[in-house]
Amino acid sequence: MRLTRTLRAAACAAALLLAAACDSSGSGSSSATGLNPPDLKAPTKLGRTEGQVNLVAWAGYVEDGSNDPKVNWVGDFEKQTGCQVHSKVAASSDEMVKLMKTGEYDAVSASGDASLRLIAAGDAAPVNTALVPNYKDVFAGLKNGAWNSVKGQMYGIPHGRGANLLMYNTEKVKPAPTSWSAVFDDASRYKGHVTAYDSPIYIADAALYLKATRPELKIEDPYALDQKQFDAAVALLKRQNGYVGEYWSDYLKEVSAFKSGDSVVGTTWQVIANLAASEGAKVKALVPKEGSTGWSDTWMVYSKAKHPNCAYKWLDWIVSPKVNAQVAEYFGEAPANSRACAETSDKNFCTVYHAADENYWKKIAFWNTPIEQCLDGRKDVKCVPYAKWVQAWTEIKG
(Lines give C-alpha, C1' and ligand atoms only; values in the text may rest on other atoms or scores of the structure.)
Protein backbone atom coordinates (compact mmCIF):
# COMPACT_ATOMS: atom_id res chain seq x y z
CA MET A 1 0.00 0.00 0.00
CA ARG A 2 1.11 3.56 -0.55
CA LEU A 3 3.38 4.86 2.17
CA THR A 4 4.38 8.29 0.95
CA ARG A 5 3.93 10.98 -1.64
CA THR A 6 6.38 13.44 -0.08
CA LEU A 7 7.79 15.90 -2.60
CA ARG A 8 11.41 16.99 -2.71
CA ALA A 9 12.96 20.03 -4.35
CA ALA A 10 12.65 19.80 -8.12
CA ALA A 11 15.54 20.90 -10.24
CA CYS A 12 13.39 20.09 -13.25
CA ALA A 13 10.65 22.52 -12.27
CA ALA A 14 12.47 25.26 -14.12
CA ALA A 15 11.56 23.61 -17.40
CA LEU A 16 8.03 24.88 -17.03
CA LEU A 17 9.24 28.45 -16.95
CA LEU A 18 9.91 28.06 -20.65
CA ALA A 19 6.22 27.46 -21.42
CA ALA A 20 4.63 30.00 -23.72
CA ALA A 21 2.29 32.75 -22.60
CA CYS A 22 -1.32 32.02 -21.71
CA ASP A 23 -4.03 31.94 -24.32
CA SER A 24 -7.57 33.14 -23.78
CA SER A 25 -9.14 29.77 -23.03
CA GLY A 26 -11.29 29.09 -19.99
CA SER A 27 -9.75 28.40 -16.60
CA GLY A 28 -11.01 24.83 -16.38
CA SER A 29 -8.90 23.31 -19.14
CA SER A 30 -5.22 22.75 -19.71
CA SER A 31 -5.29 25.00 -22.75
CA ALA A 32 -5.44 27.91 -20.33
CA THR A 33 -1.87 27.18 -19.28
CA GLY A 34 -0.48 28.37 -22.58
CA LEU A 35 1.75 25.31 -22.61
CA ASN A 36 3.23 24.64 -26.03
CA PRO A 37 4.88 21.24 -25.64
CA PRO A 38 7.39 19.99 -28.20
CA ASP A 39 5.72 18.79 -31.38
CA LEU A 40 5.68 15.07 -30.62
CA LYS A 41 3.45 12.58 -32.38
CA ALA A 42 1.53 9.73 -30.84
CA PRO A 43 1.89 6.37 -32.62
CA THR A 44 -0.81 5.47 -35.12
CA LYS A 45 -0.44 1.72 -34.59
CA LEU A 46 1.44 -0.72 -32.40
CA GLY A 47 4.17 -3.05 -33.52
CA ARG A 48 5.53 -6.26 -32.06
CA THR A 49 6.17 -6.24 -28.33
CA GLU A 50 9.80 -5.86 -27.33
CA GLY A 51 9.90 -8.44 -24.53
CA GLN A 52 10.17 -6.04 -21.59
CA VAL A 53 8.96 -2.76 -20.14
CA ASN A 54 10.61 -0.52 -17.56
CA LEU A 55 8.28 1.39 -15.24
CA VAL A 56 8.51 4.11 -12.59
CA ALA A 57 5.60 3.92 -10.18
CA TRP A 58 4.18 4.70 -6.79
CA ALA A 59 4.48 1.91 -4.24
CA GLY A 60 1.53 -0.44 -4.69
CA TYR A 61 0.97 0.18 -8.40
CA VAL A 62 3.16 -2.58 -9.87
CA GLU A 63 2.74 -5.64 -7.67
CA ASP A 64 4.24 -8.98 -8.69
CA GLY A 65 3.68 -11.02 -5.53
CA SER A 66 7.06 -10.25 -3.98
CA ASN A 67 5.54 -7.94 -1.35
CA ASP A 68 2.47 -10.11 -0.79
CA PRO A 69 2.03 -13.48 -2.53
CA LYS A 70 -1.71 -12.78 -2.77
CA VAL A 71 -1.19 -9.50 -4.63
CA ASN A 72 0.09 -10.02 -8.17
CA TRP A 73 -1.25 -8.47 -11.35
CA VAL A 74 2.15 -8.38 -13.06
CA GLY A 75 2.47 -12.15 -13.52
CA ASP A 76 -0.55 -12.53 -15.80
CA PHE A 77 0.48 -9.47 -17.77
CA GLU A 78 3.87 -11.01 -18.47
CA LYS A 79 2.30 -14.31 -19.51
CA GLN A 80 -0.24 -12.71 -21.83
CA THR A 81 2.03 -10.15 -23.49
CA GLY A 82 5.53 -11.60 -23.23
CA CYS A 83 6.63 -8.25 -21.76
CA GLN A 84 8.78 -8.75 -18.66
CA VAL A 85 8.15 -5.98 -16.16
CA HIS A 86 10.98 -4.14 -14.43
CA SER A 87 9.79 -1.47 -12.02
CA LYS A 88 11.29 1.22 -9.84
CA VAL A 89 9.32 2.60 -6.89
CA ALA A 90 9.63 6.37 -6.56
CA ALA A 91 9.10 8.12 -3.24
CA SER A 92 8.13 11.47 -4.73
CA SER A 93 6.90 13.21 -7.84
CA ASP A 94 10.24 14.96 -8.13
CA GLU A 95 12.06 11.64 -8.10
CA MET A 96 9.76 10.43 -10.87
CA VAL A 97 10.61 13.43 -13.03
CA LYS A 98 14.34 12.89 -12.51
CA LEU A 99 14.15 9.17 -13.24
CA MET A 100 12.26 9.73 -16.47
CA LYS A 101 14.97 12.10 -17.63
CA THR A 102 17.53 9.28 -17.47
CA GLY A 103 15.93 7.61 -20.48
CA GLU A 104 15.97 4.26 -18.73
CA TYR A 105 12.20 3.97 -18.28
CA ASP A 106 9.30 3.54 -20.66
CA ALA A 107 6.35 4.74 -18.58
CA VAL A 108 5.52 6.44 -15.28
CA SER A 109 2.48 6.75 -13.00
CA ALA A 110 2.68 10.54 -12.71
CA SER A 111 0.59 12.62 -10.33
CA GLY A 112 -0.65 16.03 -11.38
CA ASP A 113 2.23 17.82 -9.68
CA ALA A 114 4.65 16.07 -12.06
CA SER A 115 2.72 15.55 -15.29
CA LEU A 116 2.94 19.09 -16.68
CA ARG A 117 6.67 19.11 -16.06
CA LEU A 118 7.04 15.93 -18.09
CA ILE A 119 4.86 17.31 -20.86
CA ALA A 120 6.59 20.71 -21.03
CA ALA A 121 10.05 19.16 -21.10
CA GLY A 122 9.12 16.80 -23.93
CA ASP A 123 9.66 13.76 -21.73
CA ALA A 124 6.03 12.58 -21.95
CA ALA A 125 4.64 11.75 -25.37
CA PRO A 126 1.07 12.33 -26.53
CA VAL A 127 -0.96 9.13 -26.17
CA ASN A 128 -3.14 7.62 -28.86
CA THR A 129 -6.07 6.53 -26.72
CA ALA A 130 -7.45 4.46 -29.61
CA LEU A 131 -4.56 2.06 -29.00
CA VAL A 132 -5.71 1.57 -25.40
CA PRO A 133 -9.06 -0.27 -25.72
CA ASN A 134 -9.93 0.02 -22.02
CA TYR A 135 -9.68 3.82 -22.19
CA LYS A 136 -13.26 3.97 -23.47
CA ASP A 137 -14.49 2.87 -20.03
CA VAL A 138 -12.49 5.42 -18.04
CA PHE A 139 -14.74 7.83 -16.12
CA ALA A 140 -15.38 10.98 -18.13
CA GLY A 141 -14.27 13.17 -15.24
CA LEU A 142 -10.72 11.84 -15.57
CA LYS A 143 -10.37 12.56 -19.27
CA ASN A 144 -8.98 15.81 -20.72
CA GLY A 145 -8.01 17.12 -17.30
CA ALA A 146 -5.85 20.18 -16.75
CA TRP A 147 -3.18 17.86 -15.38
CA ASN A 148 -3.13 15.15 -18.10
CA SER A 149 -3.92 16.87 -21.39
CA VAL A 150 -3.02 19.93 -23.45
CA LYS A 151 -5.50 21.48 -25.87
CA GLY A 152 -7.58 18.33 -26.07
CA GLN A 153 -4.64 15.96 -26.52
CA MET A 154 -4.30 13.31 -23.82
CA TYR A 155 -0.76 12.70 -22.57
CA GLY A 156 -1.56 9.56 -20.63
CA ILE A 157 -4.14 7.10 -19.37
CA PRO A 158 -5.88 7.91 -16.05
CA HIS A 159 -5.20 5.35 -13.33
CA GLY A 160 -7.29 6.44 -10.33
CA ARG A 161 -8.14 9.38 -8.07
CA GLY A 162 -8.44 10.38 -4.45
CA ALA A 163 -9.36 13.37 -2.28
CA ASN A 164 -7.48 15.06 0.54
CA LEU A 165 -10.02 15.00 3.36
CA LEU A 166 -10.44 16.63 6.76
CA MET A 167 -10.25 13.99 9.52
CA TYR A 168 -11.08 14.64 13.15
CA ASN A 169 -11.36 12.86 16.48
CA THR A 170 -15.09 12.67 17.20
CA GLU A 171 -14.54 12.74 20.97
CA LYS A 172 -12.11 15.67 21.13
CA VAL A 173 -13.21 17.91 18.25
CA LYS A 174 -16.66 19.29 18.94
CA PRO A 175 -18.83 20.43 17.35
CA ALA A 176 -18.07 18.33 14.29
CA PRO A 177 -16.18 20.53 11.82
CA THR A 178 -17.59 21.35 8.40
CA SER A 179 -14.85 23.74 7.28
CA TRP A 180 -11.09 23.79 6.83
CA SER A 181 -11.16 26.56 9.44
CA ALA A 182 -10.63 23.73 11.93
CA VAL A 183 -6.99 23.53 10.84
CA PHE A 184 -6.50 27.16 9.90
CA ASP A 185 -8.34 30.01 11.65
CA ASP A 186 -9.50 27.80 14.53
CA ALA A 187 -6.33 25.73 14.83
CA SER A 188 -5.42 27.33 18.18
CA ARG A 189 -8.17 25.26 19.80
CA TYR A 190 -6.15 22.13 19.07
CA LYS A 191 -2.63 23.48 19.53
CA GLY A 192 -0.02 20.76 19.21
CA HIS A 193 -2.55 18.27 17.89
CA VAL A 194 -3.12 19.59 14.36
CA THR A 195 -1.58 17.57 11.54
CA ALA A 196 -0.92 18.58 7.93
CA TYR A 197 0.37 16.89 4.80
CA ASP A 198 4.12 17.34 4.43
CA SER A 199 4.53 18.68 0.92
CA PRO A 200 4.90 21.98 -0.94
CA ILE A 201 1.67 21.14 -2.77
CA TYR A 202 -0.13 21.62 0.58
CA ILE A 203 0.15 25.35 -0.10
CA ALA A 204 -2.77 24.77 -2.47
CA ASP A 205 -4.90 23.59 0.48
CA ALA A 206 -4.38 26.96 2.14
CA ALA A 207 -5.15 28.72 -1.15
CA LEU A 208 -8.37 26.75 -1.53
CA TYR A 209 -9.46 27.87 1.93
CA LEU A 210 -8.55 31.49 1.19
CA LYS A 211 -10.49 31.30 -2.08
CA ALA A 212 -13.63 30.82 0.00
CA THR A 213 -12.84 33.01 3.00
CA ARG A 214 -10.98 35.96 1.46
CA PRO A 215 -12.74 36.78 -1.81
CA GLU A 216 -10.79 40.01 -2.12
CA LEU A 217 -7.75 37.90 -3.08
CA LYS A 218 -9.66 36.74 -6.18
CA ILE A 219 -8.18 33.24 -6.14
CA GLU A 220 -9.69 31.18 -8.96
CA ASP A 221 -7.33 28.20 -9.07
CA PRO A 222 -5.34 27.10 -5.99
CA TYR A 223 -2.44 26.11 -8.27
CA ALA A 224 -2.38 29.49 -10.03
CA LEU A 225 -1.30 32.04 -7.44
CA ASP A 226 0.15 35.44 -8.19
CA GLN A 227 2.60 36.84 -5.67
CA LYS A 228 -0.03 38.50 -3.47
CA GLN A 229 -2.19 35.39 -3.38
CA PHE A 230 0.82 33.17 -2.76
CA ASP A 231 2.06 35.38 0.08
CA ALA A 232 -1.36 35.17 1.74
CA ALA A 233 -1.35 31.38 1.56
CA VAL A 234 2.19 31.18 2.93
CA ALA A 235 1.31 33.56 5.77
CA LEU A 236 -1.68 31.39 6.69
CA LEU A 237 0.49 28.28 6.77
CA LYS A 238 3.15 30.00 8.86
CA ARG A 239 0.47 30.83 11.43
CA GLN A 240 -0.79 27.28 11.28
CA ASN A 241 2.72 25.97 11.90
CA GLY A 242 2.52 27.17 15.50
CA TYR A 243 -0.33 24.75 16.14
CA VAL A 244 0.88 21.75 14.14
CA GLY A 245 2.10 18.82 16.19
CA GLU A 246 3.30 16.81 13.21
CA TYR A 247 3.51 17.01 9.44
CA TRP A 248 2.90 13.62 7.89
CA SER A 249 3.80 11.81 4.69
CA ASP A 250 3.73 8.20 5.92
CA TYR A 251 0.09 7.29 6.40
CA LEU A 252 0.82 4.55 8.94
CA LYS A 253 2.30 7.24 11.19
CA GLU A 254 -0.84 9.32 10.81
CA VAL A 255 -2.97 6.34 11.78
CA SER A 256 -0.81 5.87 14.87
CA ALA A 257 -1.04 9.56 15.78
CA PHE A 258 -4.85 9.58 15.64
CA LYS A 259 -5.03 6.35 17.64
CA SER A 260 -2.78 7.77 20.38
CA GLY A 261 -4.44 11.20 20.43
CA ASP A 262 -1.26 13.00 19.36
CA SER A 263 -3.29 14.24 16.38
CA VAL A 264 -6.96 15.14 16.61
CA VAL A 265 -7.61 17.06 13.39
CA GLY A 266 -5.95 17.45 10.00
CA THR A 267 -5.68 16.35 6.39
CA THR A 268 -6.01 12.70 5.46
CA TRP A 269 -6.94 10.23 2.71
CA GLN A 270 -9.95 7.93 2.69
CA VAL A 271 -7.73 4.87 3.04
CA ILE A 272 -6.18 6.34 6.21
CA ALA A 273 -9.56 7.17 7.70
CA ASN A 274 -10.76 3.63 7.00
CA LEU A 275 -7.66 2.06 8.51
CA ALA A 276 -7.67 4.31 11.59
CA ALA A 277 -11.34 3.57 12.27
CA SER A 278 -10.79 -0.17 11.81
CA GLU A 279 -8.05 -0.03 14.43
CA GLY A 280 -10.25 1.69 16.99
CA ALA A 281 -9.58 5.37 16.45
CA LYS A 282 -12.67 7.54 16.95
CA VAL A 283 -12.46 9.41 13.67
CA LYS A 284 -14.55 10.69 10.81
CA ALA A 285 -13.46 12.25 7.53
CA LEU A 286 -15.20 14.57 5.08
CA VAL A 287 -14.88 17.01 2.23
CA PRO A 288 -15.42 20.40 3.94
CA LYS A 289 -17.74 23.04 2.54
CA GLU A 290 -14.85 24.79 0.75
CA GLY A 291 -14.04 21.63 -1.22
CA SER A 292 -10.71 19.82 -1.13
CA THR A 293 -7.57 19.22 -3.11
CA GLY A 294 -6.85 15.75 -4.43
CA TRP A 295 -4.84 13.65 -6.83
CA SER A 296 -5.37 11.87 -10.12
CA ASP A 297 -2.52 9.71 -11.37
CA THR A 298 -1.82 9.18 -15.06
CA TRP A 299 0.29 6.53 -16.79
CA MET A 300 2.50 8.44 -19.23
CA VAL A 301 4.84 7.06 -21.91
CA TYR A 302 8.39 8.38 -22.25
CA SER A 303 8.83 10.22 -25.54
CA LYS A 304 11.92 8.14 -26.43
CA ALA A 305 10.76 4.87 -24.88
CA LYS A 306 12.84 1.86 -25.88
CA HIS A 307 9.85 -0.44 -25.42
CA PRO A 308 6.82 1.60 -26.49
CA ASN A 309 4.70 -1.36 -27.59
CA CYS A 310 5.04 -3.10 -24.25
CA ALA A 311 4.39 0.26 -22.56
CA TYR A 312 1.07 0.60 -24.41
CA LYS A 313 0.18 -2.97 -23.46
CA TRP A 314 0.83 -2.04 -19.81
CA LEU A 315 -1.32 1.11 -20.04
CA ASP A 316 -4.23 -0.96 -21.29
CA TRP A 317 -3.66 -3.72 -18.73
CA ILE A 318 -3.45 -1.48 -15.68
CA VAL A 319 -6.84 0.13 -16.46
CA SER A 320 -8.57 -3.09 -17.46
CA PRO A 321 -11.57 -3.66 -15.14
CA LYS A 322 -10.27 -6.54 -13.02
CA VAL A 323 -6.72 -5.23 -12.64
CA ASN A 324 -7.81 -1.64 -12.02
CA ALA A 325 -10.11 -2.94 -9.27
CA GLN A 326 -7.23 -4.87 -7.68
CA VAL A 327 -4.92 -1.86 -7.74
CA ALA A 328 -7.58 0.47 -6.36
CA GLU A 329 -8.37 -1.79 -3.41
CA TYR A 330 -4.74 -2.50 -2.60
CA PHE A 331 -3.66 1.11 -2.96
CA GLY A 332 -6.72 2.81 -1.47
CA GLU A 333 -8.21 5.04 -4.17
CA ALA A 334 -11.14 5.25 -6.56
CA PRO A 335 -10.52 3.24 -9.76
CA ALA A 336 -10.40 4.95 -13.14
CA ASN A 337 -12.31 2.31 -15.10
CA SER A 338 -16.08 2.53 -14.66
CA ARG A 339 -16.36 -1.25 -15.03
CA ALA A 340 -13.83 -1.89 -12.23
CA CYS A 341 -16.46 -1.41 -9.54
CA ALA A 342 -18.13 -4.68 -10.54
CA GLU A 343 -14.80 -6.45 -9.97
CA THR A 344 -13.89 -5.27 -6.45
CA SER A 345 -13.82 -7.88 -3.70
CA ASP A 346 -15.56 -5.41 -1.38
CA LYS A 347 -18.82 -4.61 -3.12
CA ASN A 348 -19.13 -1.37 -1.15
CA PHE A 349 -15.63 -0.20 -2.12
CA CYS A 350 -16.64 2.12 -4.95
CA THR A 351 -19.40 3.64 -2.84
CA VAL A 352 -16.98 4.42 0.00
CA TYR A 353 -14.46 5.92 -2.42
CA HIS A 354 -17.11 7.78 -4.47
CA ALA A 355 -15.78 6.19 -7.65
CA ALA A 356 -18.78 6.96 -9.85
CA ASP A 357 -20.00 10.10 -8.06
CA GLU A 358 -18.97 12.85 -10.47
CA ASN A 359 -20.70 15.51 -8.34
CA TYR A 360 -18.33 14.53 -5.52
CA TRP A 361 -15.28 14.94 -7.76
CA LYS A 362 -16.44 18.34 -8.94
CA LYS A 363 -15.59 19.54 -5.42
CA ILE A 364 -12.01 18.31 -5.74
CA ALA A 365 -9.21 20.50 -7.11
CA PHE A 366 -6.80 17.90 -8.45
CA TRP A 367 -3.09 18.48 -8.02
CA ASN A 368 -1.48 20.41 -10.84
CA THR A 369 1.96 21.87 -11.41
CA PRO A 370 2.23 25.61 -10.62
CA ILE A 371 3.96 27.52 -13.42
CA GLU A 372 4.65 31.17 -14.24
CA GLN A 373 2.01 31.16 -16.96
CA CYS A 374 -1.06 31.22 -14.74
CA LEU A 375 -3.14 28.07 -15.00
CA ASP A 376 -6.32 30.12 -14.61
CA GLY A 377 -5.69 31.92 -17.90
CA ARG A 378 -4.63 35.33 -16.57
CA LYS A 379 -2.22 37.22 -18.81
CA ASP A 380 -1.66 40.40 -16.81
CA VAL A 381 0.39 38.78 -14.03
CA LYS A 382 2.91 36.02 -13.50
CA CYS A 383 2.11 33.21 -11.13
CA VAL A 384 4.52 31.69 -8.63
CA PRO A 385 6.18 28.57 -10.11
CA TYR A 386 6.61 25.27 -8.33
CA ALA A 387 10.28 25.83 -7.48
CA LYS A 388 9.21 28.79 -5.33
CA TRP A 389 6.60 26.62 -3.62
CA VAL A 390 9.39 24.25 -2.59
CA GLN A 391 11.44 27.11 -1.14
CA ALA A 392 8.44 28.52 0.70
CA TRP A 393 7.56 25.13 2.20
CA THR A 394 10.98 24.98 3.86
CA GLU A 395 10.38 28.45 5.35
CA ILE A 396 6.87 27.52 6.49
CA LYS A 397 8.13 24.56 8.48
CA GLY A 398 10.93 26.63 9.95
Side-chain angles (χ1 to χ4, degrees), residues 10-23 25 29-50 52-57 83 88 90 93-135 138 142-159 296-319 368-369 371-373 375 385-386:
C12 303
L16 285 177
L17 303 183
L18 301 177
C22 299
D23 63 25
S25 304
S29 68
S30 58
S31 60
T33 67
L35 270 180
N36 286 311
D39 186 19
L40 303 174
K41 303 299 182 183
T44 57
K45 62 181 180 179
L46 296 181
R48 297 180 61 180
T49 54
E50 303 89 354
Q52 72 178 71
V53 64
N54 302 323
L55 307 173
V56 175
C83 301
K88 167 75 173 178
S93 288
D94 293 348
E95 184 178 0
M96 286 184 173
V97 171
K98 292 175 183 178
L99 287 170
M100 292 307 291
K101 285 189 172 295
T102 67
E104 298 176 8
Y105 301 93
D106 302 301
V108 58
S109 62
S111 294
D113 52 334
S115 51
L116 284 191
R117 283 184 271 168
L118 294 168
I119 293 169
D123 293 326
V127 167
N128 183 348
T129 58
L131 300 179
V132 184
N134 284 298
Y135 178 76
V138 169
L142 287 170
K143 296 178 178 180
N144 298 312
W147 62 93
N148 61 18
S149 69
V150 175
K151 298 177 182 177
Q153 171 63 59
M154 287 294 292
Y155 275 77
I157 301 300
H159 172 107
S296 171
D297 294 339
T298 304
W299 279 99
M300 310 181 86
V301 178
Y302 180 50
S303 57
K304 300 177 182 177
K306 297 174 183 176
H307 314 103
N309 298 303
C310 278
Y312 264 79
K313 292 293 185 182
W314 175 260
L315 265 57
D316 192 48
W317 177 262
I318 203 65
V319 293
N368 210 340
T369 311
I371 59 176
E372 273 194 358
Q373 290 73 38
L375 298 174
Y386 176 73

Chemist: As an exercise, state the distance from CG of L118 to CE of M100, rounded to the nearest 0.5 Å.
Modeler: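 Output value for this atom pair is 6.5 Å.
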Chemist: Going from CE on M96 to CZ on R117, what distance comes out if it is rounded to the nearest 0.5 angstrom?
Modeler: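 Atom-to-atom, M96:CE and R117:CZ are 11.0 Å apart.
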Chemist: Kindly determine whether L55 and K88 satisfy side chain to side chain contact (heavy atoms under 4.5 Å, CB included), including the steps that lead there.
Modeler: CA-CA 6 Å; L55 307 173; K88 167 75 173 178; over 6 Å; no
Chemist: Picking from H307, K304, Q52, what satisfies side chain to side chain donor-acceptor pair (under 3.5 Å) with D106?
Modeler: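 Testing each of H307, K304, Q52 against D106, the sole residue satisfying side chain to side chain donor-acceptor pair (under 3.5 Å) is H307.
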Chemist: Apply side chain to side chain contact (heavy atoms under 4.5 Å, CB included) to the pair K41 and D39, showing each step before the final yes or no.
Modeler: CA-CA 7 Å; K41 303 299 182 183; D39 186 19; 3.4 Å; yes
Chemist: Please lay out, stage by stage, how T369 and D113 fare under the test side chain to side chain donor-acceptor pair (under 3.5 Å).
Modeler: CA-CA 4 Å; T369 311; D113 52 334; over 6 Å; no
Chemist: Please tell me whether D297 and S111 have a donor and an acceptor in their side chains that are separated by less than 3.5 angstrom.
Modeler: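 Side chains of D297 and S111: pair found under 3.5 Å.
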Chemist: Report the C-alpha separation of S115 and Y155 in whole Å, then their side-chain angles, then the decisive distance to 0.1 Å, and conclude whether the side chain to side chain contact (heavy atoms under 4.5 Å, CB included) test is met.
Modeler: CA-CA 9 Å; S115 51; Y155 275 77; over 6 Å; no
Chemist: For the residue pair K306 and Y105, would you count it as a cation-pi contact if the rule is NZ or CZ under 6.0 angstrom from the ring centre and within 45 degrees of the ring axis?
Modeler: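 Not flagged: K306 not positioned over aromatic ring of Y105.
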Chemist: Looking at every heavy atom in both L116 and A146, which two are closest together, and how far apart are they?
Modeler: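 Result for this residue pair: CD2-O, 3.9 Å.
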Chemist: Which atom names give the shortest non-hydrogen contact between P308 and A305, and what distance separates them?
Modeler: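 Taking every non-hydrogen atom into account, CD-O, 3.4 Å.
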Chemist: More than 12 foreign heavy atoms under 6.0 Å from NZ of K143: is that the case here?
Modeler: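 Correct, the count exceeds 12.
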Chemist: Where do N134 and D316 come nearest, in terms of heavy atoms and distance?
Modeler: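 Taking every non-hydrogen atom into account, N-OD1, 2.8 Å.
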Chemist: Would you please test M300 and I119 for side chain to side chain contact (heavy atoms under 4.5 Å, CB included) and show each step?
Modeler: CA-CA 9 Å; M300 310 181 86; I119 293 169; 3.7 Å; yes
Chemist: Identify the heavy atoms of P38 and A121 that sit nearest to each other, and give their distance.
Modeler: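 So the minimum-distance heavy-atom pair works out to CG-C, 4.5 Å.
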Chemist: Between the side chain of Q153 and the main-chain N/O of P126, is any donor-acceptor distance below 3.5 Å?
Modeler: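 A pair under 3.5 Å: no.
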Chemist: With rounding to the nearest 0.5 Å, note down the distance linking CG in N148 to CG in L142.
Modeler: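 Taking CG in N148 and CG in L142, the distance rounds to 7.5 Å.
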Chemist: Name the orientation class of the two ring planes belonging to W299 and W314 (parallel below 30°, tilted from 30 to 60°, perpendicular beyond 60°).
Modeler: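 W299 and W314: perpendicular rings.
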Chemist: Please find the pair of heavy atoms, one from L315 and one from A107, that lie closest to each other, and give the distance.
Modeler: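 Minimum heavy-atom separation between L315 and A107: CD1-CB, 4.4 Å.
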Chemist: Quick one: does N128's side chain have a donor or acceptor within less than 3.5 Å of a partner on A42's backbone?
Modeler: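 Checked: no pair found.
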Chemist: Can N144 and K151 be counted as having a side-chain donor-acceptor contact under 3.5 angstrom?
Modeler: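 No.
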Chemist: Going by heavy atoms in the side chains, are S109 and V56 under 4.5 Å from each other?
Modeler: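 Contact flag for S109/V56 side chains = no.
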Chemist: Is the closest side-chain heavy-atom distance between Y312 and V132 below 4.5 Å?
Modeler: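 Y312 reaches V132 side chain to side chain.
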Chemist: Hey, does the side chain of S303 reach the backbone of G122 with a donor-acceptor pair shorter than 3.5 angstrom?
Modeler: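 Yes, because the side chain of S303 sits within donor-acceptor range (under 3.5 Å) of the backbone of G122.
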Chemist: If I compare all heavy atoms of L99 with all of A90, which pair ends up nearest, and what's the gap?
Modeler: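 Scanning both residues completely, I find the closest heavy atoms to be CD1-CB, 4.4 Å.
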Chemist: Please check if the side chain of E50 supplies one atom and the backbone of C310 the other of a donor-acceptor pair under 3.5 Å.
Modeler: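 Pair found, side chain donor or acceptor close to backbone of C310.
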Chemist: Tell me whether E104 contacts the main-chain N or O of N54 through its side chain, where contact means a donor paired with an acceptor under 3.5 Å.
Modeler: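 Looks like no, no N/O pair under 3.5 Å.
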Chemist: Nearest 0.5 angstrom please: Y135 OH to I157 CD1, how far?
Modeler: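 If we round to the nearest 0.5 Å, Y135:OH and I157:CD1 are 6.0 Å apart.
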